[in-house]
Chemist: 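Take a look at the following structure, please.
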There are 2 protein chains.
Amino acid sequence: MTIPSFMPNAIMPLCLHLRMQMFWDDTIVALATAHGVSAIGVVRLSGEKAIDITNTLFPSKDLSKVKGNTLHVGLLKDGDKVLDEVVISLFRAPRSYTGEDVTEISCHGSPYIQEQIVNACIAHGARLARPGEFTQRAFLKGKLDLTQAEAVADLIASNTEASQQAALKNIRGGFSDVLKQLRDQLISFSALIELELDFSQEDVQFADRTQLYQLIRTIKTTVADLLHSFKLGNVIKNGVKVAIVGRPNAGKSTLLNSLLNENRAIVSEIAGTTRDTIEEVINIDGILFRLIDTAGIRESKDVIEAIGVEKSREKMKDADIVLYLFDADAETVGEVDGAEAQLREINPNYVMVGNKADLVVNASEKFSGMDALYISAKTHHHVDALKERLVNKVLQGQVNMESTIVTNARHYASLQHVASAIHDVQVGMDGNIPGDLLALDIRRALHFLGEITGEITNEDQLDYIFSKFCIGK
Amino acid sequence: MTIPSFMPNAIMPLCLHLRMQMFWDDTIVALATAHGVSAIGVVRLSGEKAIDITNTLFPSKDLSKVKGNTLHVGLLKDGDKVLDEVVISLFRAPRSYTGEDVTEISCHGSPYIQEQIVNACIAHGARLARPGEFTQRAFLKGKLDLTQAEAVADLIASNTEASQQAALKNIRGGFSDVLKQLRDQLISFSALIELELDFSQEDVQFADRTQLYQLIRTIKTTVADLLHSFKLGNVIKNGVKVAIVGRPNAGKSTLLNSLLNENRAIVSEIAGTTRDTIEEVINIDGILFRLIDTAGIRESKDVIEAIGVEKSREKMKDADIVLYLFDADAETVGEVDGAEAQLREINPNYVMVGNKADLVVNASEKFSGMDALYISAKTHHHVDALKERLVNKVLQGQVNMESTIVTNARHYASLQHVASAIHDVQVGMDGNIPGDLLALDIRRALHFLGEITGEITNEDQLDYIFSKFCIGK
């Protein structure tokens, strides 16, 4: 009775080991703060020689003797030449971001000096870090799993409360903890089922089918919830596209300005002046909305305007939400009803908004039976209610923002594969298929689960993931 | 016998004390790193409540108990809301940059998160720092004198080795140590001379005139050397303006490109195409040269070109060095001699450079008796020799770059006042003027010496000096 040698989790440590060997000996350096003249800048080193190299440049004190998590003030010198007065933060492996020895040289915020410090580190044996290489090392050293590492990049890019909170949740484990547990349980079953294959003549069952069935159901539900959360996750990460459409002079540009509280778009009384689609971004309750202003959707003989009109139809199809703005005063009930009918065809996820409601005695009576919101873009009347409507439209029927949310397209793709494999396992068990076929489906599920958390990786994938990071992270 | 109460050094501590009171109670916060998406950013706090405020946001550990110069890793939280995972560098007064309690929160490099952290600090009692306010506090706490504080700004702005080294020298004391010593000695004499005034009926001399004379001479020499160094200091800080002039087709643009190793200027065979002056910057041996390309100085009927020509004369007058480029092949000895005669009038600090020397059998023989350098801009022949000539032209007769150099226009102005006052003291002593008049001149010298190092300051001046700093420094 031998342990099957093809178990995925037995293969990976070897791959990682080989990959780590490539890095083992070299020490990386990079400017970790943004480029530009500022009060301070931070140059970061990681690797076996990080402390040695820093020590060579720091004659004030012998850093080889000091403890980790300590600060040291002094002159940074390259030979006789003073480079700067600096503060050095020293971290010893494994208690550091990367899990290796790390030093951070906090210097004056002169790009010239920062470059000199990086060059001095290189001259003394470090090499320039690739984008994301510090985080990649943290991953390879087991300080972070892959979803956590990816969340670091998301956190740096975060620009709303929702994206920040989703990234922070993932950095602190997020759903990868849950997936890892489920995967470990599934691995045990997989091992038992593959063992059964060695004893196929004897018709034994090492793996308890009831328990396996239970596990499969749990995985299925978890994965379905996560898949479901991606729509919101995507919105959190990339924002919600809102196409603002309506006839010329309905007040689209005024509404855009009212939402933005600035005058980015051209506002004019002349019909059809807003020919280009203008994209502006606003943050409502932590959700990013990309507002797309479009030319009017009226048919026109003006060629340039016609292009604008064609574009606006495209934008409507492409949008997450279409905000249809009509002039509650000037437009007739028939006209607005007609527009709504068109909308239903183009993109059913729309909001009807009657503008210039201050000019009508009772707009909701005039357009009775229509689910519309009445505002005045000019006087900002009910614009807040419109914002609220937009937020509700996004969150409606979605996962609570407090729960775990998949924001990463790579995770989403892998989860879809997991769902498909788990479905096949379930169908296979229902149909009582042979153990060897069942084992294949389970292994497929294990593979894609492992891909999410980085237990299954390949070099190209890793390089791709980390290449999207900043230098110095 | 009472100590004279009007002694300048007795007044200042009181002013400083009053000024410090204004600051005493409040804690300042600012982003210290450059703005932009990056690996990490640093938010800095200084003041009595710096540790308290940071502690409120850092539930992982009680920072009120920890020692100075320590690092702490954990979650930054505003109430229940996680802001980021951070590393906190904690410095306790007086062992910090400002001399107050200081914390530096090293967070992820998301501008959104950095803003949230700064806002959370403000919500818990800090206020946003003004530009340079951290360094201003360091000055007010006596951690730096004024020239050192100013050198911090120079260091951040440094973009060549010379400007970096000059700033570093001044941060570490530079000439202010020498001036302070001389000023202290002069204060003693001043006190004694003013004492003599109380005993004017008795014709006593407390102050040894020979020693005073010796001191005056030392101050005079020191100040003269420092004043002399400013020309180089200014060059180090602001660069050397080099106007490249010459007839059309002499090869000015080609030379500019050869010096720059890139194709910024328009290069063309058509005479007079370079009509606008183009400013490019190169760094030769740590000195910044601003290369100004000009239109040809030939008279022209083309109006646009004529404007270019007028401009080029202005640029020549304004330049630190005029580089006159002539075509060693096509131009006659008479033409080049004529140009040199014009140059002597416009700006005597010029270098004659014969281009296209590769086309002439022996250029130095053709233009015998002329102090010119012969190059080929096209083949880069002798362009390095030209660079060397430019550097020598700057350093010629100047203070050695290793010695103390005044780079600051404010210091230069004060030193000029010191020189004038010291001159008056010397003349007064020679003429045996009454002690009360001598005392006035000495006090004038003391005032301007003190102004340089910040022992004599006024609030407006301080505010002006520090307002030119970065926020967060």
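Values below: all heavy atoms of this structure, side chains included; hydrogens, waters and symmetry mates excluded. Note on naming: letters A, B, ... go to the chains in the order of the sequence lines (proteins, then strands), and numbering restarts at 1 for each one.
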Chemist: With no hydrogens and no angle check, just 3.5 Å: does a side-chain donor-acceptor pair link B:Gln164 and A:Gln116?
Modeler: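 A donor-acceptor contact under 3.5 Å links the two side chains.
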
Chemist: Measure distances from A:Arg44 to the heavy atoms of chain B and classify the residue's part below 4.5 Å as side chain, backbone, both or neither.
Modeler: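 Only the side chain of A:Arg44 comes within 4.5 Å of chain B.
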
Chemist: side-chain contact (heavy atoms from CB on, under 4.5 Å) between B:Leu462 and B:Phe139: does it pass, once the steps are laid out?
Modeler: CA-CA 10 Å; B:Leu462 282 185; B:Phe139 163 68; 3.4 Å; yes

Chemist: Distance only, no hydrogens: is a donor on one side chain within 3.5 Å (strictly under) of an acceptor on the other, for B:Thr33 and A:Thr33?
Modeler: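 Short answer, no.
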
Chemist: Would you mind reporting whether B:Lys67 and B:Arg92 have side-chain heavy atoms less than 4.5 Å apart?
Modeler: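 SC-SC contact between B:Arg92 and B:Lys67 ruled out.
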
Chemist: Sort A:Thr160 into side chain, backbone, both or neither according to what part of it lies under 4.5 angstrom from a heavy atom of chain B.
Modeler: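 Just the backbone, heavy atoms under 4.5 Å.
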
Chemist: Would A:Lys169 count as a cation-pi partner of A:Phe175, with NZ or CZ less than 6.0 Å from the six-membered ring centre and within 45° of the ring normal?
Modeler: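 Judged by the rule, A:Lys169 and A:Phe175 form no cation-pi pair.
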
Chemist: Output a table of donor-acceptor pairs, distance under 3.5 Å, between side-chain atoms of residues 73-85 of chain B and any protein atom two or more places apart or on a different chain; print 'none' if there are none.
Modeler:
from: B:Asp84; atom 1: OD1; to: B:His108; atom 2: ND1; distance (Å): 2.7
from: B:Asp84; atom 1: OD2; to: B:His108; atom 2: N; distance (Å): 2.7
from: B:Asp84; atom 1: OD2; to: B:His108; atom 2: ND1; distance (Å): 3.3

Chemist: Compare every heavy atom of A:Pro131 with every heavy atom of A:Ser467, then report the nearest pair and how far apart it is.
Modeler: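 Where A:Ser467 meets A:Pro131 most closely, the heavy atoms are O-CB, 3.8 Å.
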
Chemist: Residue by residue, scan residues 53-65 of chain A and write down, ordered by number, those that have a heavy-atom distance under 4.5 Å to chain B; if none do, write 'none'.
Modeler: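 Interface residues of residues 53-65 of chain A: none, nothing closer than 4.5 Å to chain B.
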
Chemist: Could you go through the side-chain contact (heavy atoms from CB on, under 4.5 Å) check for A:Thr407 and A:Asn170 one step at a time?
Modeler: CA-CA 9 Å; A:Thr407 56; A:Asn170 285 339; 4.1 Å; yes

Chemist: Determine the option with the most heavy-atom pairs under 4.5 angstrom with chain B, choosing from A:Gly36, A:Gly472, A:Ala32.
Modeler: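 The answer is A:Ala32.
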
Chemist: Taking side chain as everything from C-beta outward and backbone as N, CA, C, O, which of these in A:Phe91 sits under 4.5 Å from a heavy atom of chain B? Side chain, backbone, both or neither.
Modeler: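 For A:Phe91, side-chain heavy atoms alone lie under 4.5 Å from chain B.
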
Chemist: Given heavy-atom pairs under 4.5 angstrom as the criterion, report whether the side chain, backbone, both or neither of A:His35 touches chain B.
Modeler: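 Only the backbone of A:His35 comes within 4.5 Å of chain B.
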
Chemist: For chain B, which of A:Leu155, A:Thr70, A:Val37 has the most heavy-atom pairs under 4.5 Å?
Modeler: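 Greatest number of close heavy-atom pairs with chain B: A:Leu155.
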
Chemist: Go through the atoms of B:Leu168 and report whether side chain, backbone, both or neither lie under 4.5 Å from a heavy atom of chain A.
Modeler: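 Just the side chain, heavy atoms under 4.5 Å.
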
Chemist: Salt-bridged, B:Arg137 to B:Glu100, with N to O below 4.0 Å?
Modeler: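 A salt bridge links B:Arg137 with B:Glu100.
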
Chemist: On the ring face of A:Tyr97, is A:Lys473 found with NZ or CZ under 6.0 Å from the centre and within 45° of the axis?
Modeler: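 Judged by the rule, A:Lys473 and A:Tyr97 form a cation-pi pair.
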
Chemist: Sort B:Glu115 into side chain, backbone, both or neither according to what part of it lies under 4.5 angstrom from a heavy atom of chain A.
Modeler: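 No part of B:Glu115 comes within 4.5 Å of chain A.
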
